[in-house]
Amino acid sequence: MAGLAGLLAVTGSSTALAPGAQAAQDNPYERGPAPTESSIEARTGPYDVDEDRVSSLVDGFGGGTVYYPEETGDGTFGAVAIAPGFTASQSSMAWYGERLASQGFVVFTIDTNSTLDQPASRGRQLLAALDYLTDDSRVSDRIDASRLGVMGHSMGGGGSLEAAKSRPSLQAAIPLTGWNTDKSWPEIQVPTLVVGADGDSVASVRTHSEPFYESMPGSLDKAYLELNGATHFTPNTSNTTIAKYSISWLKRFIDNDTRYEQFLCPTPRPDSDIEEYRGTCPH
């Protein structure tokens, strides 16, 4: 018996997991090193990024650019489709491509079938883009089809709400100064970060972002970030505050990476970059 006890003790000690290994076992979707304030504010993350152009001849949307981590040894990645606003092209959202992909996502900035497409159409096109990514793209084998999200600016932001409403299996949605004639979204079941701008004269927070957020279920994982000193078009250029909280939201809900909860809860306080932040904490 003493010999058996000794054997068990030795076996137990030899199979004990280090903290990092235990975390990876607990959540196999964690990607990249432990995050810090500086790492999520950095212009590039730990992954080198490559890109692939997609023809406008594809069905369902107007083509675009896929940004993806070059790393092939970390398993599959979650994916995000991003739509531009009214009269805009994917170039207005290009800065999200490398910035998010370098943090461990496959990112698809899309062109829409028409620059005049309305939010409902943009929502359908975002979903078509995700289906293309997971089924037909050159990087489909790098993507986990169960971990997908949508983002968009202005009418593309309204489109991200439409996509989330239509496909509740999505893991995250981020409308950026979103515009939509529908102000009420009680059907949304997808964790959603609503980003508004205090100086938005096109889709004011009072008539768009705030009603969007408030109409979503109180039980939903949701947050409202109002940018300070910002306009409707602030999401079109590189912005550290948008990147910081978008990365944290996507990591937390697409990758279920609770290491990023620290940047979302307790809710950030107003400062020179944040006019207001509301959230349902803890997630």
Leu227 pairs by side-chain contact (heavy atoms from CB on, under 4.5 Å) with which of Ile274, Ile242, Asp273? Ile242
Is a side-chain N or O of Gln103 found less than 3.5 angstrom from the main chain of Ile40, in a donor-acceptor match? no
Side chains of Ile174 and Leu250 in contact at under 4.5 Å (non-hydrogen atoms): yes
Please determine if Lys251 forms a cation-pi arrangement with Tyr29, meaning its NZ or CZ atom is less than 6.0 Å from the six-membered ring centre and no more than 45° off the ring axis. no
Working note: Glu276 + Arg278, criterion salt bridge (Lys or Arg N to Asp or Glu O under 4.0 Å); need CA distance, chi angles, decisive distance, verdict. CA-CA 7 Å; Glu276 182 184 0; Arg278 310 175 204 170; 2.5 Å; yes
Is the shortest side-chain heavy-atom distance between Leu100 and Met151 below 4.5 Å? yes
Throw together a table of side-chain donor-acceptor distances under 3.5 angstrom for residues 71-81, partners on residues two or more places apart or in other chains.
{"unit_1": "Glu71", "atom_1": "OE2", "unit_2": "Gly73", "atom_2": "N", "d": "2.7"}
{"unit_1": "Asp74", "atom_1": "OD2", "unit_2": "Tyr47", "atom_2": "OH", "d": "2.6"}

Donor-acceptor pair, side chain of Glu226 and main chain of Tyr224, under 3.5 angstrom: no
Under 3.5 Å donor-acceptor, Gln171 side chain and Ser169 backbone: yes
For Ser215 and Trp185, indicate whether the former's side chain and the latter's backbone hold a donor-acceptor pair under 3.5 Å. yes
Backbone of Lys244 reached by a side-chain donor or acceptor of Ser248 within 3.5 Å: yes
Using 30° and 60° as the class boundaries, would you call the ring planes of His153 and His232 parallel, tilted or perpendicular? tilted
Within the 6.0 Å centroid threshold, strictly below: Phe61 and Phe108: yes
Tell me, with the steps shown, if Val139 and Asp52 meet side-chain contact (heavy atoms from CB on, under 4.5 Å). CA-CA 9 Å; Val139 295; Asp52 182 49; 5.7 Å; no
Please check this pair: side chain of Ser102 against backbone of Glu98, looking for a donor-acceptor N/O pair closer than 3.5 Å. yes
Polar side-chain atom of Glu261 near backbone of His283 as donor-acceptor pair, under 3.5 Å: yes
Does Tyr213 have Lys222 sitting over its ring (NZ/CZ under 6.0 Å from centre, angle to axis within 45°)? yes
Heavy-atom donor-acceptor pair, Ser39 side chain to Thr36 backbone, under 3.5 Å: yes
Show me the side-chain donor-acceptor pairs of residues 121-131 shorter than 3.5 Å, one per line, residues at least two apart or across chains.
{"unit_1": "Ser121", "atom_1": "OG", "unit_2": "Gln125", "atom_2": "NE2", "d": "2.9"}
{"unit_1": "Arg122", "atom_1": "NE", "unit_2": "Asp117", "atom_2": "O", "d": "2.5"}
{"unit_1": "Arg122", "atom_1": "NH1", "unit_2": "Pro84", "atom_2": "O", "d": "2.9"}
{"unit_1": "Arg122", "atom_1": "NH1", "unit_2": "Gly85", "atom_2": "O", "d": "3.3"}
{"unit_1": "Arg122", "atom_1": "NH2", "unit_2": "Thr115", "atom_2": "O", "d": "2.8"}
{"unit_1": "Arg122", "atom_1": "NH2", "unit_2": "Asp117", "atom_2": "O", "d": "3.0"}
{"unit_1": "Gln125", "atom_1": "OE1", "unit_2": "Asn113", "atom_2": "N", "d": "2.7"}
{"unit_1": "Gln125", "atom_1": "OE1", "unit_2": "Asn113", "atom_2": "ND2", "d": "3.4"}
{"unit_1": "Gln125", "atom_1": "NE2", "unit_2": "Asp117", "atom_2": "OD2", "d": "2.9"}
{"unit_1": "Gln125", "atom_1": "NE2", "unit_2": "Ser121", "atom_2": "O", "d": "3.4"}
{"unit_1": "Asp131", "atom_1": "OD1", "unit_2": "Arg167", "atom_2": "NH1", "d": "2.9"}
{"unit_1": "Asp131", "atom_1": "OD1", "unit_2": "Arg167", "atom_2": "NH2", "d": "3.4"}
{"unit_1": "Asp131", "atom_1": "OD2", "unit_2": "Arg167", "atom_2": "NH2", "d": "3.2"}

Without swapping roles, check the side chain of Asp111 against the backbone of Gly64 for a donor-acceptor pair under 3.5 Å. no
Using the side-chain contact (heavy atoms from CB on, under 4.5 Å) criterion, which residues pair with Ser91? Sequence neighbours excluded. Ser89
Can you list everything that forms a side-chain contact (heavy atoms from CB on, under 4.5 Å) with Thr231? Sequence neighbours excluded, please. Phe233, Thr234
Quick one: list whatever passes side chain to side chain donor-acceptor pair (under 3.5 Å) with Thr112, sequence neighbours left out. none
With sequence neighbours excluded, residues passing side-chain contact (heavy atoms from CB on, under 4.5 Å) with Ala223: Leu193, Trp249, Tyr277
So, the side chain of Tyr96 versus the backbone of Pro235: is there a donor-acceptor pair under 3.5 Å, distance only? yes
